[in-house]
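Within every chain, numbering begins at 1; the chains are lettered A, B, ... in the order of the sequence lines, protein sequences first and strands thereafter. Predicted model only: the values in this text are computed from it and were never measured.
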Amino acid sequence: MFVAAEFGMAMAHVFDIDPLAIAGSPLERNALMIQRLSKRQALWDAGQSPYANDFSPTHTAVQALRWFASDPLHLQSFVATELGAAVDDRSVQSSDHPRVQAPRVHMAGRALAINVKGKVAFVRVLDRSAAEVPAVRAHENVLREQIGLPPRDAQTPTFQFYFSRDDDPATFDRLFKTTDGASWDGPLCDVGDIIGGQGLWFRTRTGEQSLWLKPSPAGPALRILTKSVRPLPDKFHGLADKETRLRQRYVDLTMNQDVREIFRKRSQVLRGVRQFLDDRDYVEVETPMMHTSLGGAAARPFRTHHNALDMPLYLRIAPELHLKRLVVGGIERVYEINRNFRNEGLSQRHNPEFTMLEFYRAYATFRDLMDEVETLISQLALQVCGATQVTWGSNADGSPRVIELAAPYARVRIRDGLRQWAQLDEAALDDETSLRKRALELGVKLDAHATLGKIQVELFEAVAEPHLVAPTFVWEYPAETSPLARSNDANPAVVDRFELFIGGIEISNAFSELNDPVDQYQRFAQQLDQRAKGDEETMDLDIDYVRALEYGMPPAAGCGIGIDRLVMLLSGAESIREVILFPHLRPETGTAGPMADTAAAIPPVAAGNSPDPH
RNA sequence: GCCCCUUUAGCUCAGCUGGUAGAGCAGCGGACUCUUAAUCCGUAGGUCGAGUGUUCGAAUCACUCAGGGGGCACCA
């Protein structure tokens, strides 16, 4: 028997046999892990691979739960007889519950809770359908109500296995009880293991939909398919530490089902956007992420280097100029959904790499795109949230803030906003001294080299933000802040451009495209001028882009939508880190950095310690 | 880059003005044949983020550094 007094010896034994546990590994080895590594070895010793890949589940939890809701007979407690088999099962005969014919099924997943109660065991299993499970359980409650049954807890994301020792005593004892074993005497199955079971669906006395594990000639009632040697967090409190949640998303996704739900929504948003644009004859493309010159946005870049060509490269800050080359080439409706990289500060709203949708449409103006964007966003809200109203952030009094995303959206000129919210009169709007004075009064910091237009925009964004909670298109931007946008025909001082704000944050930016190559060349030249004056966020002169425009780009409008921020709105997340699976974090302390030679830190695996399946 | 908060067992957290560490869950041993945060009995588990200092004595006080969170600045 393995007892506590022998623990030190057993540890030494494990270190002998387990290359994973060799001192010097950068990963910690606590007592719980040593135990689990011993259990892993015990499975090898018994001739059972703890990492077998020969089990095929026939059903997911959701499919099982749908079966339970598919027939009024299945809604109440019952025991099951295998389809086509005689009723000779002892447990069935001894039960006074209704009998239902059920198919033999195989189910698999991660054990999240194990409850051994004498000679029966209950195991809660999480599989890929977990995010959908609550909805199916809620649907069953509707059916139960119709026939007068009390509702059941619908939140549980797991499905239950029921194991009675009588059905397979050897397996039951080895997995859940203390027995004699070569390298481990205790139960071999732990919370966190991936397990696979076979048997018949039934409903327990308390009404829980369950799989009654029963062996077959082909295999035992229950098997460990992957031994987990690292313990999961507390089953009740779960994983709360924000840092661990982000660094170890695999644990976060296992323990926190609302996280799984956010990324399911993210996937739906991406699918919905593609469907919307595909239906309107847009073509999805992929353009380079590595650029030789900067353009398409005002932002600081990441720099990298190509060895063979011995040349510097930038990670792209925007795909805009490539997409418009494609419009020149005749792809009149084109879009790309992909990552941009900007070398700027991190915040609740900013990640160094973020996903952007950009789409371009020939023979359209920025006004056409306003209509298209508000239609897209209201449709997405309906598809993803089931309603056009979302709850995001909180009001001044702390109550949840409800935002209506149904079209149409308000449209506000920058000048009108400045007059209304910054209390400036018409004359002051074009007077730099007055604007700077007002900015000073409002505590808005301005660059010394900021131009009149830039001051107008910055002042606007500072005073308008609290008023831009409901979706609002802001338009009539000064020309010098938008070097790629088309000037307004009646007033060349402004460009035909809008930004869409929702919940006080910028979601979208769009404009009618400048397609006069001469004008475009001059605006690039202006950018170089501003750079000479110290503005670091200017664009390079992209001469090939000017050449493309010289061939002629059809009149067009283009739009960018920050997908991460849109997902935030639709999922209620207030930090961009919550909607990015692996947001940027500093390297963990105590582990080797990305540039370190990690190969040298990991000792070679000794041969012959465990069966090698290859 | 600046300011504030935070880091204690595998997880979630206590630990008061300085006296060398606690609970629940998980683990291990035992009881229990329909539980669902199962229950009951017993038991083990810690370089208190790292370092330096003050002190007879530091999880606790001071300083430095690191990670994380929030805010400012920059930006989408």
Side-chain angles (χ1 to χ4, degrees), chain A residues 1-5 7 10 28-36 39 77 79 91 94-95 97 112-124 152-153 156 158 160-167 172 177-178 184-187 190-192 202-208 210 212 229-247 251 255 297-300 317-318 340 342-352 354-356 443 445 447 461 499-501 505-509 536-537 560-565 574-577 585-591:
Chain A
M1 287 288 283
F2 184 89
V3 292
F7 193 75
E28 76 282 8
R29 291 283 174 263
N30 57 52
L32 295 181
M33 291 193 65
I34 302 291
Q35 284 175 5
R36 285 168 173 244
K39 297 181 185 193
S77 179
V79 290
S91 52
S94 66
S95 168
H97 285 267
L112 283 198
I114 299 173
N115 174 12
V116 182
K117 190 175 180 297
K119 292 189 173 59
V120 298
F122 300 88
V123 186
R124 308 257 16 155
R152 301 188 52 76
D153 172 25
T156 318
T158 51
Q160 177 169 279
F161 286 4
Y162 170 83
F163 196 175
S164 169
R165 184 179 184 276
D166 291 343
D167 290 314
F172 186 93
K177 292 291 184 180
T178 299
W184 186 259
D185 296 329
D190 287 303
V191 168
F202 83 114
R203 207 182 271 267
T204 64
R205 215 173 276 162
T206 54
E208 182 72 15
S210 309
W212 190 318
V229 297
R230 191 174 281 273
L232 284 176
D234 185 312
K235 70 181 171 194
F236 184 60
H237 298 97
L239 180 65
D241 184 74
K242 282 183 182 171
E243 182 179 354
T244 312
R245 286 186 50 201
L246 298 178
R247 287 196 194 281
V251 184
M255 302 306 295
R300 291 189 214 178
I317 55 175
N340 290 339
R342 298 191 184 174
N343 206 340
E344 283 150 4
L346 286 70
S347 79
Q348 278 199 301
R349 311 277 148 81
H350 299 85
N351 195 59
F354 63 101
T355 300
M356 179 96 131
K445 286 185 186 172
D447 280 349
E461 288 182 354
E499 289 193 9
L500 171 62
F501 289 82
I505 61 177
E506 186 190 336
I507 294 293
S508 175
N509 177 20
E536 290 184 59
E537 289 158 358
I561 294 181
I563 295 294
D564 309 284
R565 290 179 174 184
E574 291 191 51
S575 166
I576 199 167
R577 281 180 286 262
L585 296 174
R586 284 192 172 87
E588 236 176 310
T589 46
T591 59

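B:G22 and B:U6 are spaced 24 Å apart, taking the P atom of each and rounding to whole Å. A distance of about 26 Å separates the P atoms of B:A21 and B:C63, rounded to the whole Å. Spacing of C1' atoms, B:C61 relative to B:G67, comes out at 23 Å, to the nearest Å. As rounded to the nearest Å, B:A58 and B:C48 have C1' atoms that lie 11 Å from one another. On the P atoms, B:U17 is 30 Å away from B:C25, given to the nearest whole Å. Comparing the C1' positions of B:C28 and B:A44 gives a spacing of 7 Å, expressed to the nearest Å.
Between A:Arg300 and A:Ser164, the residue anchored nearer the 5' end of RNA chain B, judged by the nucleotide with its closest heavy atom, is A:Ser164. Residue order along RNA chain B, read from the 5' end via each residue's closest nucleotide, puts A:Asn115 first among A:Asn115 and A:Arg349.
At the phosphate of B:G68, OP1 or OP2 sits under 4.0 Å from a side-chain N or O atom of A:Arg586. Between B:C34 and A:Lys117, a contact under 4.0 Å exists linking OP1 or OP2 to a side-chain N or O. Residue A:Thr178 has a polar side-chain atom (N or O) positioned under 4.0 Å from OP1 or OP2 of B:G29.
What separates CD1 of A:Ile34 from C1' of B:G10 is a distance of 13 Å, to the nearest Å. The interatomic distance linking A:Glu243 (CD) with B:G68 (P) rounds to 6 Å, in whole Å. B:C74 atom P lies 18 Å from atom CD1 of A:Ile317, rounded to whole Å. Residue A:Ile114 contributes atom CD1, which lies 16 Å from atom P of B:A37 at whole-angstrom precision.
Between A:Asn340 and A:Ile317 the shortest side-chain heavy-atom distance does not fall below 4.5 Å. Proximity of A:Thr244 to A:Val251: side-chain heavy atoms (C-beta onward) are nowhere separated by under 4.5 Å.
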Listing time: all N or O pairs from protein to nucleotides 46-48 of chain B that are below 3.5 Å?
none

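Legend: residues meeting side-chain hydrogen bond (donor to acceptor under 3.5 Å, both in side chains) with A:Thr206, ordered by chain and number and at least two apart, are A:Thr204. Partners of A:Arg230 according to the salt bridge (Lys or Arg N to Asp or Glu O under 4.0 Å) rule, which considers only residues two or more places apart in sequence or in another chain, are A:Glu28. In this structure A:Asp234 satisfies the side chain to side chain contact (heavy atoms under 4.5 Å, CB included) test together with A:Phe236, A:His237, sequence neighbours excluded. Partners of A:Phe354 under the ring-ring contact (aromatic ring centres under 6.0 Å, His included) rule, at least two apart in sequence or in another chain, do not exist in this structure. Annotation: salt bridge (Lys or Arg N to Asp or Glu O under 4.0 Å) contacts of A:Arg203 (sequence neighbours excluded): A:Glu140. Residues meeting the side chain to side chain contact (heavy atoms under 4.5 Å, CB included) test with A:Ser347, sequence neighbours left out: A:Arg349, A:His350. The side chain to side chain contact (heavy atoms under 4.5 Å, CB included) check on A:Ala298 picks up A:Glu537, with sequence neighbours excluded.
Judged by distance alone with a 3.5 Å cut-off, a donor-acceptor contact links the side chain of A:Asp234 to the base of B:G24. Side-chain atoms of A:Arg165 stay outside donor-acceptor range of the base of B:U33, with no qualifying N/O pair under 3.5 Å. Taking only distance into account, the side chain of A:Glu208 never meets the base of B:U35 through a donor-acceptor pair shorter than 3.5 Å. Scanning atom types as modelled, no donor and acceptor separated by under 3.5 angstrom connect the side chain of A:Thr156 and the base of B:U36.
The residue A:Gly345 sits close to a base: some heavy atom pair falls under 4.0 Å. As judged by a 4.0 angstrom heavy-atom cut-off over every strand, A:Gly560 is placed among residues making no nucleic acid contact. Among the protein residues, A:Leu585 comes within range of the sugar-phosphate backbone only, with heavy atoms under 4.0 Å from sugar or phosphate atoms but none that close to a base. At the heavy-atom level, A:Lys177 lies under 4.0 Å from base atoms of the strands shown. Among the atoms of the strands shown, base atoms are found under 4.0 Å from some heavy atom of A:Gln160.
Pairing for B:A37 is absent, judged as Watson-Crick or G-U wobble with the two contacts each under 3.5 Å. With a cut-off of 3.5 Å on both pairing distances, the Watson-Crick or G-U wobble partner of B:G22 is B:C13.
Each of B:U35, B:G10, B:C28 was ranked by its minimum atom distance to the side chain of A:Asp190; first place goes to B:C28. Nearest to the side-chain atoms of A:Ile576 among the listed nucleotides B:A76, B:U12, B:G68 stands B:A76. Across B:G71, B:U12, B:A76, the shortest atom-to-atom separation from the side chain of A:Gln348 is found for B:G71. Set against B:G29, B:U35, B:G70, the side chain of A:Arg577 has B:G70 as its closest nucleotide. Residue A:Pro231 has its side chain nearest to B:G10 when only B:G68, B:G10, B:U36 are considered. When distances are taken from the side chain of A:Arg247 to each of B:A76, B:G67, B:U36, the shortest belongs to B:G67. Nearest nucleotide to the A:Lys242 side chain, out of B:G69, B:C11, B:U35: B:G69. Closest to the A:Pro187 side chain, of the nucleotides B:A37, B:G10, B:C28, is B:C28.
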Sugar-phosphate or base contact per nucleotide [nucleotides 1-7 of chain B; S, B, -; heavy atom under 4.0 Å]: -------
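The residues A:Glu506 and A:Arg565 are annotated as not salt-bridged, no charged nitrogen and carboxylate oxygen being separated by less than 4.0 angstrom.
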